[in-house]
Amino acid sequence: MRLAEYCDKYATLKLDRSDSGVLTVTMHTRGGEALWGIALDSLHRELGELFADIARDPENKIVLLTATGDNFCIAMDQGGNPPPETSPVAIWDRMHREGVALLDNLLRVPVPMIAAVNGPVHIHAELPLLCDIVLASDTAEFADVAHVPGGTVPGDGVQTVWPMLLGPNRGRYFLLTGQRIGAAEALSLGLVGEVLAPAALMARARDHAERLAALPLPVLRHTRTVLTGHLRRRMLADLSHGLALEALASLHS
């Protein structure tokens with residue numbers, strides 16, 4: 001797999017790779033701020049597929065994940081294509097497959113990942129936090145508004161990530177209340193490594209990326225393996241089951 005084979009494959013993801021092997025992935029929706037959705041051309045579907053493509057490309061040395069505009073992802077896509085399925089059961093069959101692939105394939109990316117959180121992230125806030133280096137704009141805010149606040153079971157990986165990062169009691173409180181954690185508090189809690197002014201965020205992320213990209217590829221790959229092994233084991237135990245329970249509850253709502 002080479003970049004030319006998947007560079008223009010995705011409707012919601014812009015890809016650019018430096019000569020040093022740093023692949024920048026910028027999430028967007030129709031060229032604007034990234035919106036979450038469940039259509040075939042949505043981030044839910046495309047991110048998992050992209051992570052699999054990235055893993056198969058030996059020329060990627062570092063992955064830098066960010067988003068367009070002033071928000072990382074705070075809203076659902078109300079103006080995109082509708083899902084092709086005609087029943088909730090059929091939709092959830094696909095959602096389960098895509099939901100597993102989303103986090104499983106992210107953690108299978110075999111090189112270090114850096115997240116540049118350019119603003120608030122209220123939907124799938126666990127995605128940037130599963131990266132190895134997490135930098136945040138001082139405008140960033142972390143929340144999970146798509147599950148319990150919206151009447152949905154938090155079973156798509158958030159039930160694993162947030163109690164792990166915040167501790168069991170604080171993590172459950174966060175998920176059950178829709179609590180919002182600002183950038184400064186996120187830094188003090190250890191959710192992010194640095195908080196920067198918006199104008200300085202990408203430059204700092206690229207500095208980290210280029211510094212790491214100068215290391216031999218085997219060092220990068222094996223470092224990624226040792227840093228993500230426990231996360232992959234947790235997801236293997238929790239993710240599919242949690243998504244199944246989320247689907248079951250949604251069919252009764």
Side-chain angles (χ1 to χ4, degrees), residues 27 29 33-39 42-45 47-48 65 67 71-78 80 83 85 87-104 106-107 115 117 119-131 134 136 139-192 231 234-253:
M27 305 189 310
T29 298
E33 292 183 353
L35 304 172
W36 204 254
I38 60 172
S42 68
L43 284 165
H44 190 276
R45 180 183 180 89
L47 272 171
L65 178 66
N71 299 305
F72 193 88
C73 187
I74 62 170
M76 298 296 294
D77 184 5
Q78 304 297 332
E85 295 86 357
S87 73
V89 172
I91 290 176
W92 267 106
D93 182 63
R94 176 168 61 86
M95 290 297 98
H96 186 277
R97 293 194 306 273
E98 293 178 5
V100 170
L102 176 64
L103 297 190
D104 186 47
L106 185 158
L107 292 172
V117 185
V121 50
H122 298 163
I123 299 175
H124 276 289
E126 82 283 0
L127 290 175
L129 298 183
L130 285 172
C131 293
V134 187
T139 62
E141 182 182 70
F142 299 85
D144 184 71
V145 303
H147 291 105
V148 173
T152 302
V153 173
D156 58 3
V158 295
Q159 81 279 16
T160 300
V161 175
W162 286 105
M164 177 183 66
L165 293 175
L166 295 174
N169 282 8
R170 178 74 183 267
R172 287 180 291 177
Y173 177 88
F174 174 85
L175 291 172
L176 287 168
T177 63
Q179 181 186 26
R180 302 188 178 199
I181 297 176
E185 185 177 6
L187 180 64
S188 70
L189 290 170
L191 301 180
V192 305
L231 296 170
R234 290 286 302 273
M235 286 299 171
L236 180 63
D238 297 347
L239 182 55
S240 182
H241 179 249
L243 274 165
L245 294 177
E246 184 174 334
L248 180 64
S250 74
L251 296 176
H252 290 275
S253 61

For a 4.5 angstrom cut-off between non-hydrogen side-chain atoms, does Tyr173 reach Leu166?
no
If every non-hydrogen atom of Ile181 is compared with every non-hydrogen atom of Ala186, which pair is closest and at what distance?
CG2-N, 3.6 Å
Using distance alone, with no hydrogens and no angle criterion, decide if Thr29 and Asp77 have a side-chain donor and acceptor under 3.5 Å apart.
no
Pairwise side-chain contact, Met164 with Leu231, heavy-atom cut-off 4.5 Å (strictly under):
yes
In sequence, state the C-alpha distance, the side-chain angles, and the governing distance for Leu102 and Leu127, and then conclude on side chain to side chain contact (heavy atoms under 4.5 Å, CB included).
CA-CA 9 Å; Leu102 176 64; Leu127 290 175; 4.0 Å; yes
Can you tell if the side chain of His124 reaches within under 4.5 Å of the side chain of Asp156, non-hydrogen atoms only?
yes
Is Arg170 paired with Glu185 through a side-chain N to carboxylate O contact shorter than 4.0 Å?
yes
Ser250 and Ala247 have their tightest heavy-atom pair at OG-O, 2.7 Å
Check whether any side-chain heavy atom of His96 sits under 4.5 Å from a side-chain heavy atom of Glu246, and report yes or no.
no
So do Ile123 and Leu35 actually touch side chain to side chain, heavy atoms under 4.5 Å?
no
Treating Arg45 as the side-chain partner and Arg94 as the backbone partner, does any N or O pair qualify as donor plus acceptor under 3.5 Å?
no
Please determine whether side chain to side chain contact (heavy atoms under 4.5 Å, CB included) holds for the pair Val117 and Val134, giving the CA-CA distance in whole Å, both sets of side-chain angles, and the decisive distance to 0.1 Å.
CA-CA 7 Å; Val117 185; Val134 187; 4.1 Å; yes
Are Leu243 and Leu239 close enough that some pair of their side-chain heavy atoms sits under 4.5 Å apart?
yes
Does any part of the side chain of Phe72, heavy atoms only, come nearer than 4.5 Å to the side chain of Phe142, both counted from C-beta?
no
Could you tell me which non-hydrogen atom of Ile38 sits nearest to which non-hydrogen atom of Pro83, and how far apart they are?
O-CB, 4.0 Å
Is there a donor-acceptor pair under 3.5 Å between the side chain of Gln159 and the backbone N or O of Gly155?
yes
Mind checking whether Asp93 and Glu85 have side chains closer than 4.5 Å, heavy atoms only?
no
For the pair Leu65 and Met27, evaluate side chain to side chain contact (heavy atoms under 4.5 Å, CB included) and give the outcome as yes or no after the intermediate values.
CA-CA 8 Å; Leu65 178 66; Met27 305 189 310; 4.2 Å; yes
All heavy atoms of Leu251 vs all of Val89, minimum pair found to be CD2-N, 4.1 Å
For Ala143 against Ala125, the heavy-atom pair lying closest together:
O-CB, 3.5 Å
Asp144 and Phe174 have their tightest heavy-atom pair at N-CZ, 3.8 Å
